[in-house]
Number of protein chains: 2
Amino acid sequence: MHRSEAERTVVIADDHAVVRSGLRNILSSLQGVRIIGEAANGLEAIAYGKRYQPSMMTLDAGMPMCNGMEVLGEVRRWSPRTRVCVVTGFTSVGSLSDWRSAGVDGLFLKSSEPAELREGFSRILAGSTYLQHDIRCLLDDRQQVVELTLRERQILHQVTLGLSNAEIAEKLSISPKTVDNHRSRLMAKLGVHSVAQLVAYALKEGLLEPARQA
Amino acid sequence: MHRSEAERTVVIADDHAVVRSGLRNILSSLQGVRIIGEAANGLEAIAYGKRYQPSMMTLDAGMPMCNGMEVLGEVRRWSPRTRVCVVTGFTSVGSLSDWRSAGVDGLFLKSSEPAELREGFSRILAGSTYLQHDIRCLLDDRQQVVELTLRERQILHQVTLGLSNAEIAEKLSISPKTVDNHRSRLMAKLGVHSVAQLVAYALKEGLLEPARQA
DNA sequence: TCTCGAATAGGGTGTGGACCTCATGCGGGA
DNA sequence: TCCCGCATGAGGTCCACACCCTATTCGAGA
């Protein structure tokens, strides 16, 4: 559990083996980095974090079993000194700012050049944080980042699952009329005028799990 | 343009640099393979195919500028001897069977183990085709692969864009009533009962572009 | 030739939901 | 203290659409 100044331990978590291979490639070119594990899903990632307390963990946003945000929470709880950096394919402003406010130490797009990833990873290992250039740009010119309340997010999620107002009402133990009201405010905020647009928006903004069923 | 028996040229096309790095890793471990280019979007991929006529091209399904399916068509046209294999993150039965019927030489999930990718790549380079194990399973137990007609696909796409029946009718120059009918048959086929479910289904099945806006 | 499915179009009915206003209770900040 | 925003709830209106029919045209295949 003790680690020397020279050696930094890293766990790579991503459900795509190809991506893990790429990250391994990039990370192993850094001085003093030793990759001690690869996790293919959220639960494995949590287990590795708990057991090995690595210096750093790279985290994919959309993993099966347990999504990235939950993994972040668990790792923070069980291994608070582990630097967590997220490597995501999603470019939606919503999810990116969610990650930032969740307090990750690094945030990268999968489209980042290896050089930038190397640069970022070594800074994070050195103790500072890193926000990838493209992401900084995206977050900067976030026109009107719509702020949704907790309830509105819940309602939105249920709507994208295809539930009717009545069903959502029952699920959340509130009146169907209240669901209707939240929904109206939601659509007004997002500037959409139909369920279809609402669902399309939610899915594009990554408020739902990415497409997978295997 | 002439290539020896021993040397096989490969172009890697993927918008994620990390994935390219991983694929480069895996491919370069194969005997006699030389990677002659990396494309970060569809147009670059087409250009590489045209110019270098590589032995093989690995293709990402969802690239910006020009999607994988279009790239496949162009590569087939300009470089018919190039073996094309698709490496996709999407696990939806619909898109996978689309790829297969489009006649790609290889089909892999990004979650494939490096060993299986190596195996598949070398078979493809040797002249045969390869369908990754997980994909074969997915396609095998495709319960009732819903067959949609061309018109139904068009309608579905417009619906996911948030257009109303009237708007779709105008766009396709048909009667709103016809749109309604197609839509009803569509929902019956897919076993859904609301716009929300319809849109969710379409997006999950990858009938729309993946989430990106950068 | 006859049949079948796809695409087109219309009739009709009932309901879900988009959008409006109004009201209450609660917690936080000025 | 007052006010504002959030969550809750309810009234009502109106249109889109989900779902039920029938019918015609056309091309493919038995």
Side-chain angles (χ1 to χ4, degrees), chain A residues 94 97-98 101-102 142 144-205 207-208, chain B residues 94 97-98 101 142-205 207-208:
Chain A
S97 59
D98 280 353
S101 45
R142 48 171 170 187
Q144 57 340 347
V145 174
V146 197
E147 293 289 340
L148 298 184
T149 68
L150 173 67
R151 221 28 167 185
E152 282 162 352
R153 278 171 185 275
Q154 291 174 338
I155 303 277
L156 179 54
H157 185 235
Q158 299 302 318
V159 169
T160 60
L161 294 179
L163 299 191
S164 70
N165 280 354
E167 291 168 325
I168 298 172
E170 195 184 357
K171 202 160 185 177
L172 300 183
S173 304
I174 54 177
S175 152
K177 208 57 209 174
T178 307
V179 178
D180 187 31
N181 287 334
H182 284 306
R183 207 164 156 151
S184 292
R185 216 162 314 118
L186 200 48
M187 296 205 295
K189 275 188 182 178
L190 304 182
V192 300
H193 298 279
S194 71
V195 212
Q197 292 173 323
L198 195 59
V199 175
Y201 177 93
L203 290 158
K204 273 206 215 111
E205 282 300 311
L207 287 106
L208 212 59
Chain B
S97 59
D98 280 353
S101 46
R142 47 171 170 186
Q143 322 79 331
Q144 58 340 349
V145 173
V146 198
E147 293 289 340
L148 299 184
T149 67
L150 173 68
R151 220 27 166 189
E152 283 163 352
R153 280 170 184 275
Q154 291 174 338
I155 303 279
L156 179 55
H157 185 235
Q158 299 303 319
V159 169
T160 60
L161 294 178
L163 300 190
S164 71
N165 280 354
E167 291 167 325
I168 298 173
E170 195 183 0
K171 202 161 184 177
L172 300 182
S173 304
I174 55 177
S175 150
K177 204 59 208 173
T178 307
V179 178
D180 188 29
N181 287 334
H182 284 306
R183 206 163 155 153
S184 293
R185 217 163 312 121
L186 200 48
M187 295 204 296
K189 276 187 182 178
L190 304 182
V192 300
H193 299 278
S194 70
V195 213
Q197 292 174 323
L198 196 59
V199 175
Y201 177 94
L203 290 157
K204 272 205 216 114
E205 280 301 309
L207 288 105
L208 214 60

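Everything numeric here is computed off the predicted structure, so don't read it as measured data. Just so we're on the same page: letters track the sequence lines, and every chain starts at 1.
- For A/Arg151 against A/Ile174, the heavy-atom pair with the smallest separation is NH2-CG2, 3.4 Å.
- In this structure, B/Pro176 and B/Glu152 both approach DNA chain C, and ranking their closest nucleotides by distance from the 5' end singles out B/Glu152.
- A straight line from CZ of B/Arg183 to P of D/dC20 spans 16 Å, rounded to a whole angstrom.
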Taking only N/O atoms, report every protein-nucleotides 22-24 of chain C pair under 3.5 Å with atom names and distance.
none

Could you pull out the protein-nucleic contacts involving nucleotides 27-29 of chain D (nitrogen or oxygen on both sides, under 3.5 Å)?
none

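- A heavy-atom distance below 4.5 Å is not found between the side chains of A/His182 and A/Leu186.
- Between A/His193 and C/dG17, a side-chain N or O to OP1/OP2 separation shorter than 4.0 Å is absent.
- Salt-bridge annotation for B/Glu152 and B/Arg183: absent, with no side-chain N of the basic residue lying under 4.0 Å from a carboxylate O of the acidic one.
- Distance check, rounded to the nearest 0.5 Å: CD of B/Gln154 to CG of B/Leu156 gives 11.0 Å.
- The shortest distance between the side-chain N/O atoms of B/Thr178 and the OP1/OP2 oxygens of C/dA9 is below 4.0 Å.
- Note: CE (B/Met187) to C1' (C/dG16) measures 12 Å, nearest angstrom.
- If you measure from atom CG of A/Leu198 to atom P of C/dG17, you get 12 Å, rounded to the nearest angstrom.
- Note on A/Arg151: a side-chain N or O is less than 4.0 Å away from OP1 or OP2 of D/dT8.
- If you take OH on B/Tyr201 and CE on B/Met187, they are separated by 14.0 Å, rounding to the nearest 0.5 Å.
- Atom P of nucleotide C/dA18 and atom CD1 of A/Ile155 are separated by 12 Å, given to the nearest angstrom.
- How far CG of B/Asn165 is from CG of B/Asn181: 10.0 Å, rounded to the nearest 0.5 Å.
- In the region residues 163-175 of chain B, proximity to DNA chain C at under 4.0 angstrom, judged on heavy atoms, holds for B/Ile174, B/Ser175.
- Taking only distance into account, the side chain of A/Lys177 never meets the base of C/dG17 through a donor-acceptor pair shorter than 3.5 Å.
- Among residues at least two apart or in separate chains, salt bridge (charged side-chain N to carboxylate O under 4.0 Å, His left out) pairs with a member in residues 169-182 of chain B are B/Lys177-B/Asp180.
- In this structure, the CG atom of B/Asp180 is 16 Å from the P atom of C/dA7, given to the nearest Å.
- Checked against side-chain hydrogen bond (donor to acceptor under 3.5 Å, both in side chains), B/Ser164 has the following partners two or more places apart in sequence or in another chain: B/Glu167.
- Between B/Lys189 atom NZ and D/dA18 atom C1' there is a gap of 17 Å when expressed in whole angstrom units.
- No side-chain heavy atom of B/Val179 sits less than 4.5 Å from a side-chain heavy atom of B/Pro176.
- Side-chain contact between B/Leu172 and B/Ile168 is present, with at least one heavy-atom pair separated by less than 4.5 Å.
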N/O donor-acceptor pairs under 3.5 Å from side chains in residues 190-200 of chain B, not counting sequence neighbours:
residue	atom	partner	partner atom	Å
B/Ser194	OG	B/Gln197	N	3.3
B/Gln197	OE1	B/His193	N	2.8
B/Gln197	OE1	B/Ser194	N	3.4

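- Map A/Ala188 and B/Arg185 each onto its nearest nucleotide of DNA chain C; the residue landing nearer the 5' end is B/Arg185.
- Residue A/His182 has its side chain nearest to D/dT8 when only D/dC19, C/dC19, D/dT8 are considered.
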